[in-house]
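Note sheet for the following structure.
The residues of the chain are indexed from 1 along the displayed sequence.
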Amino acid sequence: MRTSLFKPVLLMASLLCTAALAHAQETATPPLPALPAMDWEAPPLQPFTATYQALYKGKQAGDATMRVTRTGGDQWRVDMQVVGRSGFASVLGLNLEQSTVFENRNGTYVPLSQSTVRKGLFLGKKVTGTYDWQAGTAQWLGDLKKERRQPIPLQAGDQSALLLNLAIMRDARPGGQMHYRYVDVGRVRQHDYQAAPDTENVPVGDLSYNALRVYRTNGGNDETILWIANGVPTPVRILQREDGEDRIDLRLIEYQGV
């Protein structure tokens, strides 16, 4: 199955600079040495804002921003905005806004609501969803096919596209495997991931990180790869590939606590 640009961007997607964008912070976390599994520390859930350079099919396309905020008590919100600023990326719809409101229940991220907005020339779609845990169903309304507006039975541990990013940050360990059920925009899919046994050097802009490569193992021709670095609360790179070719590539250029 081919991936559409309306597919939520992972962080990690929702589906996600020009050269004039801000350079990486002078005080950004320096590269860390490769760490054995026993020394790996998952970052705590914390507010942050991260800016990514966005490439589309290997070419400069725009920028993306991921933001995590605490809205009160155990309730949080994660947002991703991807803006296409040049070429086909701006015309064909590499302009996405996604958000998920969720609760942190003793380390388990429980989605409560979800929104996806796609913008582009002659295009405009908006979808909103609710995870009703009392009723045990999730349902989306808006610009969707009829079959994708039907209620979906929920299971404990179900995640939205954006929550997958945070869950991977929480769960990844060198050599470890992760399994999630993705429930988003009227779809249900199984997402299985494998982490590499060791960190590797990953250049991102002017910085270089020793990062752990985490990749989806059951995506078929649609590949999703994330690189996460010890002490950094968001992936340093998110790559979506289709039929062996790079499609959407998000590279961290700046992050800061909020």
Side-chain angles (χ1 to χ4, degrees), residues 1-24 48-69 77-100 114-129 140 142-144 160-166 182 184-187 202-207 216 219 221-227 234-256:
M1 181 183 298
R2 297 188 65 83
T3 305
S4 71
L5 287 174
F6 189 39
K7 175 184 176 181
V9 177
L10 285 177
L11 227 270
M12 274 264 266
S14 114
L15 229 253
L16 347 132
C17 305
T18 62
L21 273 174
H23 292 292
F48 68 83
T49 297
T51 301
Y52 289 85
Q53 178 189 39
L55 290 83
Y56 180 62
K57 294 187 176 181
K59 296 181 179 181
Q60 183 78 27
D63 57 89
T65 301
M66 180 183 290
R67 181 176 291 109
V68 171
T69 55
R77 175 173 171 146
V78 54
D79 295 272
M80 171 71 89
Q81 181 181 33
V82 184
V83 180
R85 300 192 185 278
S86 61
F88 288 112
S90 61
V91 174
L92 296 182
L94 186 59
N95 292 277
L96 299 173
E97 297 177 4
Q98 293 178 274
S99 67
T100 296
Q114 190 274 341
S115 173
T116 299
V117 178
R118 175 190 174 187
K119 301 176 182 178
L121 187 64
F122 308 122
L123 299 171
K125 292 187 177 182
K126 182 176 181 179
V127 176
T128 58
W140 278 260
D143 301 309
L144 284 173
S160 74
L162 290 180
L163 281 186
L164 276 176
N165 294 299
L166 300 181
Y182 161 109
D184 204 324
V185 194
R187 292 176 175 173
V202 179
V204 182
D206 295 332
L207 298 178
R216 188 179 174 193
N221 291 333
D222 295 337
E223 302 175 67
T224 300
I225 308 170
L226 303 90
W227 285 265
T234 184
V236 299
R237 185 180 177 191
I238 304 171
L239 175 63
Q240 291 184 347
R241 309 185 79 228
E242 185 177 286
D243 297 326
E245 297 183 355
D246 292 359
R247 187 170 177 83
I248 298 175
D249 189 354
L250 303 183
R251 302 181 182 186
L252 183 68
I253 59 173
E254 182 181 34
Y255 75 91
Q256 59 184 7

Nearest-0.5 Å distance, NZ of residue Lys126 to CG of residue Leu144: 13.0 Å
- line: From the list Leu166, Asp184, Val78, Val185, side-chain contact (heavy atoms from CB on, under 4.5 Å) partner of Ser160 resolves to Asp184
- prompt: Of the non-hydrogen atoms in Trp227 and Val202, which two are nearest, and what is the gap between them?
  reply: CD1-CG2, 3.4 Å
query: For the atom pair CG (Leu163) and OG1 (Thr100), what is the distance rounded to the nearest 0.5 Å?
result: 5.0 Å
field: Close side-chain approach of Arg237 and Asp249, heavy atoms under 4.5 Å
entry: yes
message: When you compare the side chain of Phe48 with that of Met66, does any pair of heavy atoms fall below 4.5 Å?
response: yes
statement: Separation between CG (Leu55) and CZ (Arg247), nearest 0.5 Å, reads 14.0 Å
field: Counterpart residues, ring pair (Phe, Tyr, Trp, His ring centres under 6.0 Å), relative to Trp140 (two or more places apart)
entry: Tyr131
field: Closest non-hydrogen atom pair, Tyr56 against Ile248
entry: CD1-CG1, 4.2 Å
Separation of Leu239 CG from Asp246 CG (nearest 0.5 Å): 4.5 Å
- line: Closest heavy-atom pair, Val204 versus Leu252, reported as atoms and distance to 0.1 Å, is CG1-O, 2.7 Å
message: As an exercise, state the distance from CZ of Arg118 to CD of Glu97, rounded to the nearest 0.5 Å.
response: 13.5 Å
- request: Mind listing the closest non-hydrogen atom pair of Asn95 and Gly84 along with its distance?
  value: OD1-N, 3.1 Å
task: For Ala64 and Met80, work out which heavy atoms get closest and say how close.
output: CB-SD, 4.2 Å
query: Distance from Gln240 atom CD to Leu226 atom CG, nearest 0.5 Å?
result: 9.0 Å
statement: Heavy atoms of Lys125 and Asp143 approach each other most closely as CA-OD2, 3.3 Å
